[in-house]
Amino acid sequence: MAVAANSIITPQIPRSATTVASLANTVLTDSPTATVKVMTAGPNGARLVKLTATPRGTATATQVQLFRSSDGGATKRLVRTAVIPAFTLSNTAQIATTDLGYSDDGPMILGIGEELYCAISVALAAGVVFEAEWADY
């Protein structure tokens, strides 16, 4: 969609996606080793309003990591981390979801085609599900 100068552009297309990370990433430089792509911004950019991480099984305390890339994944910059608390899977226990802190009031704005990648610091056999909600401009 072409945009006109001095015209407000609002989010147009709601999007959502999930991905699963199960391998450990301990590299926090621009070349992390075990990331999974969770989203790609649209042709006019995007507005991320939700990103959560939920373990699918018993987990030790695990750092979750968010990287952003503006060059198709060649360079991935660490932009946020959070910690999933230790958890023992049980049919009677709620699995805690870790929120990475984005919302309608505090979104992450992404440029044209920018990508987000997620990773975990401890390998977990069942993995961690990352869930993203955003809107493309």
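Hydrophobic clustering, with ILVMFWY side chains joined whenever heavy atoms are under 4.5 angstrom apart, keeps Val79 apart from Val27. Both Leu48 and Phe130 belong to a common hydrophobic cluster when Ile, Leu, Val, Met, Phe, Trp and Tyr are linked at side-chain heavy-atom distances under 4.5 angstrom. Residue Val128 is grouped with residue Leu116 when hydrophobic side chains (ILVMFWY) are merged at heavy-atom distances under 4.5 angstrom, including chains of intermediate members.
Shown here for Trp134 and Ala46, the closest heavy-atom pair between the two residues is CD1-CB, 3.7 Å. Nearest heavy-atom pair, Gly57 versus Ala126, reported as atom, atom and distance to 0.1 Å: N-CB, 4.0 Å. Here the closest heavy-atom approach between residue Ser22 and residue Ala125 is recorded as CB-O, 4.4 Å. In terms of heavy atoms, Val36 sits closest to Ala21 at CG2-CB, 4.0 Å. Of all non-hydrogen atoms in Phe67 and Ala119, the two that sit nearest each other are CE1-CB, 4.1 Å. Taking each heavy atom of Ala24 and Ala123 in turn, the nearest pair found is CB-N, 3.4 Å.
Rounding to the nearest 0.5 Å gives a distance of 6.5 Å between OH of Tyr117 and OG1 of Thr35. Note: Asp136 CG to Ile112 CD1 = 11.0 Å, rounded to the nearest 0.5 Å.
Evaluation of the side chain to side chain donor-acceptor pair (under 3.5 Å) rule for Arg68 yields Glu114 as partners, not counting sequence neighbours. Take Arg77 and apply the salt bridge (Lys or Arg N to Asp or Glu O under 4.0 Å) test, not counting sequence neighbours, and it matches Asp30.
Between Glu131 and Lys50 a salt bridge is recorded (basic side-chain N to carboxylate O distance below 4.0 Å).
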Which atom pairs, one a donor and one an acceptor, fall under 3.5 Å between side chains of residues 100-111 and the rest of the protein, sequence neighbours left out?
residue	atom	partner	partner atom	Å
Tyr102	OH	Arg80	NE	3.3
Ser103	OG	Asp105	N	3.3
Ser103	OG	Gly106	N	3.0

Just list the side-chain donor-acceptor pairs under 3.5 Å for residues 83-96, sequence neighbours left out, or say none.
residue	atom	partner	partner atom	Å
Ser90	OG	Thr92	N	3.1
Ser90	OG	Thr92	OG1	3.0

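Lys76 and Ser31 form no side-chain donor-acceptor contact under 3.5 Å, judged by distance and modelled atom types alone.
Of the residues listed (Leu28, Asn25, Thr29), the one engaging Leu78 in a side chain to side chain contact (heavy atoms under 4.5 Å, CB included) is Leu28, and it is the only one.
Judged by distance alone, with hydrogens and angles left aside, the side-chain atoms of Ser69 form a donor-acceptor pair with the main-chain N or O of Thr75 at under 3.5 Å.
In this structure, the side chains of Thr98 and Thr52 stay at 4.5 Å or more apart for every pair of heavy atoms. Within the 4.5 Å cutoff, the side chain of Leu51 has heavy atoms near those of the Leu66 side chain.
Within the structure, every pair that satisfies the side chain to side chain donor-acceptor pair (under 3.5 Å) test and touches residues 55-64, not counting sequence neighbours, is listed here: Gln63-Gln65. Evaluation of the salt bridge (charged side-chain N to carboxylate O under 4.0 Å, His left out) test over residues 115-128, restricted to residues two or more places apart or in two chains, returns Lys37-Glu115.
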